[in-house]
Number of protein chains: 2
Amino acid sequence: MPDQTTCQFEARPRRIALAGAHRSPEYCLTCGVRARSVCSVVDDADIARLAETAVETLVLPGRCFIEEGGPATDFFNITSGTVKLFKALPDGRRQITGFAGTGHFLGLAVSDHYAFGAEALDTVRLCRFSRARMRHLLDDFPRMERRLLEEASNELVAAQNQMLLLGRKTARERVASFLLDRMQDALDPTGVVPLPMTRADIADYLGLTIETVSRTLSWLRREGMIAIGKGHAIHIAAMPRLEALASGDA
Amino acid sequence: MPDQTTCQFEARPRRIALAGAHRSPEYCLTCGVRARSVCSVVDDADIARLAETAVETLVLPGRCFIEEGGPATDFFNITSGTVKLFKALPDGRRQITGFAGTGHFLGLAVSDHYAFGAEALDTVRLCRFSRARMRHLLDDFPRMERRLLEEASNELVAAQNQMLLLGRKTARERVASFLLDRMQDALDPTGVVPLPMTRADIADYLGLTIETVSRTLSWLRREGMIAIGKGHAIHIAAMPRLEALASGDA
DNA sequence: GACCAGAGTTGATCTGAATCAATGCCCGAA
DNA sequence: TTCGGGCATTGATTCAGATCAACTCTGGTC
């Protein structure tokens, strides 16, 4: 169980939980929850109630905070950072089923065991609710339920796109699609795509090997479609060609 | 636009729509809705209101009733039969993202365009709601929303499993997983798996070619794990070996 | 700076599934 | 009964991406 401390920035002190190897104090991120994920659908009284119930947690890079197949006790809302969601086979083969960023909810599973694992890519802050409490909150605030349904619908659409990618696209089409998706996600119209994940993560997300991802990125660079910067960032140089490639027109 | 007629089995006549080449009269399936999909979560008043809003439609085999990318006007509940959901690339490559049977809801998309197409495998009966009306119904009956959230969560888990299959499993593992999934779905513990879809559908679902599906089924037969009956049914002869193969243990 | 470990790139070779091709099996129509 | 067309099976060959292997780059530590 993580350490507990209190927040210096709230009128009323709130619990904060720290997870990971380094246990340095962290601010309560109730304000983060308010600003980023919940306030758009529930009113202030709802937020107060949510904050009451949540325990803010800090997760360090590389740390796995949901274990695939483990008992599904909690429900999470990410307040900052990025996590990877994955499933694995007994022999170690892995499939990353998605990346979740600020504002996303995790742990919707109807079953009482998590259907996937989750690991922090960078330093992640998240709100942790017990599932029992979450259920009561949903009873009281139907608008919260609508918010979750919308998110689930969007994830379902993303999952269908990913199935098309994994089942029917070539390696080049997969990498091109991935870069464009990431750009959409980053909301950066200048064409700079931040890639906080390793080549291994990209490979496990696209159903390829590290070597194929690397070769394909090199090929895209030689073709003049992208420029590979330092520190895990890629610049898209020829958007239309990349889009044509991603959609299978080429 | 489909023909409209009235139902002989309701005290108050109800509209029925017929789609497809043969336009024979069909019973109103409000009772089907009541029995199979909605009554477990909403009360009788809710059902009356739902039935009021729905138009029952008959869809013939092979007919596509949701066009990928088309305007998302309606929301569907399947009252009998099986449909395939799919996405396609411009050059014709297809990925079937799932099969939906009795009781399933379709058309959840948040966007105003369908993200996938849907086609009837056999004769399908479904209730069609306008999305605007559906929204009002959800406002009135929060329990309906919970039902949809549960269904979406389950589909999300299925989608994640499918991503693992498409990204990381071999052809043999894919076919074995598919047969076991279908058996779960059919709820037939005797090990007989009905396959209402063609080899082409199976291939498009598993990210393989027709030939590979056929070869793999023949291999499973030679290995004694299955027996291939007539008329699209398969008998599972060695469940434990098939399960080991499906989960990648072999 | 020197060292080291992990991440990434590039080349050579192999292989599982795709592709190309031929044949068999139904089943409905004439 | 024969014919024809869609679906399925099986065989031969090809190829995209995996695997195996060598090497380079980077960033952190001493």
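So that the names make sense, note that chain A is the first sequence line, chain B the second, and so on, each numbered from 1.
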Mind calculating the distance between CG (A:Asp201) and C1' (C:dG8) to the nearest angstrom? 14 Å
Quick check against the 3.5 Å criterion: does A:Arg241 have a side-chain atom that pairs as donor or acceptor with the backbone of A:Glu223? yes
Can you measure B:Arg222 atom CZ to D:dT10 atom P for me and round it to whole angstrom units? 7 Å
Does B:Glu119 pair with B:Arg63 as a salt bridge, N-O distance under 4.0 Å? no
Which nucleotides of nucleotides 13-27 of chain D have their base under 4.0 Å from a protein heavy atom (B), which only their sugar-phosphate (S), and which neither (-), written as one string 5' to 3'? ----SSBB-----S-
Can you measure A:Ile226 atom CD1 to C:dT9 atom C1' for me and round it to whole angstrom units? 13 Å
With a 4.5 Å heavy-atom cut-off, do B:Thr97 and A:Leu164 have their side chains touching? no
Base, sugar-phosphate or nothing for B:Ser218? Non-hydrogen atoms, less than 4.0 Å. sugar-phosphate
Decide if the gap between the ring center of A:Phe86 and the ring center of A:Tyr205 is smaller than 6.0 angstrom. no
Are the side chains of A:Leu89 and B:Lys169 in touch, meaning some heavy atoms are under 4.5 Å apart? yes
What's the CZ-P distance between A:Arg221 and C:dG8, to the nearest Å? 14 Å
Donor-acceptor pair, side chain of B:Ser214 and main chain of B:Ile210, under 3.5 angstrom: no
Between D:dG11 atom P and B:Trp219 atom CH2, what is the distance in whole Å? 16 Å
To the nearest 10°, let me know how far the axis at one end of the helix from C:dG1-D:dC30 to C:dA30-D:dT1 is tilted from the axis at the other, five pairs an end. 30°
Exam field: side chain A:Asn77 to backbone A:His104, donor-acceptor pair closer than 3.5 Å: yes
Take atom CD1 of B:Ile234 and atom P of D:dA8, then tell me their distance rounded to the nearest Å. 11 Å
Measure CG/B:Leu195 against C1'/D:dC7 and give the value in whole Å, please. 14 Å
From CD1 of B:Ile210 across to P of C:dA18 the rounded distance in Å is 11 Å
Looking at A:Arg94 and A:Asp204, is there a salt bridge between them, counting it only when a charged N and a carboxylate O are closer than 4.0 Å? no
State yes or no: are the ring centers of A:Phe76 and A:Phe105 separated by less than 6.0 Å? no
C:dA7 OP1/OP2 closer than 4.0 Å to side-chain N/O of A:His232: no
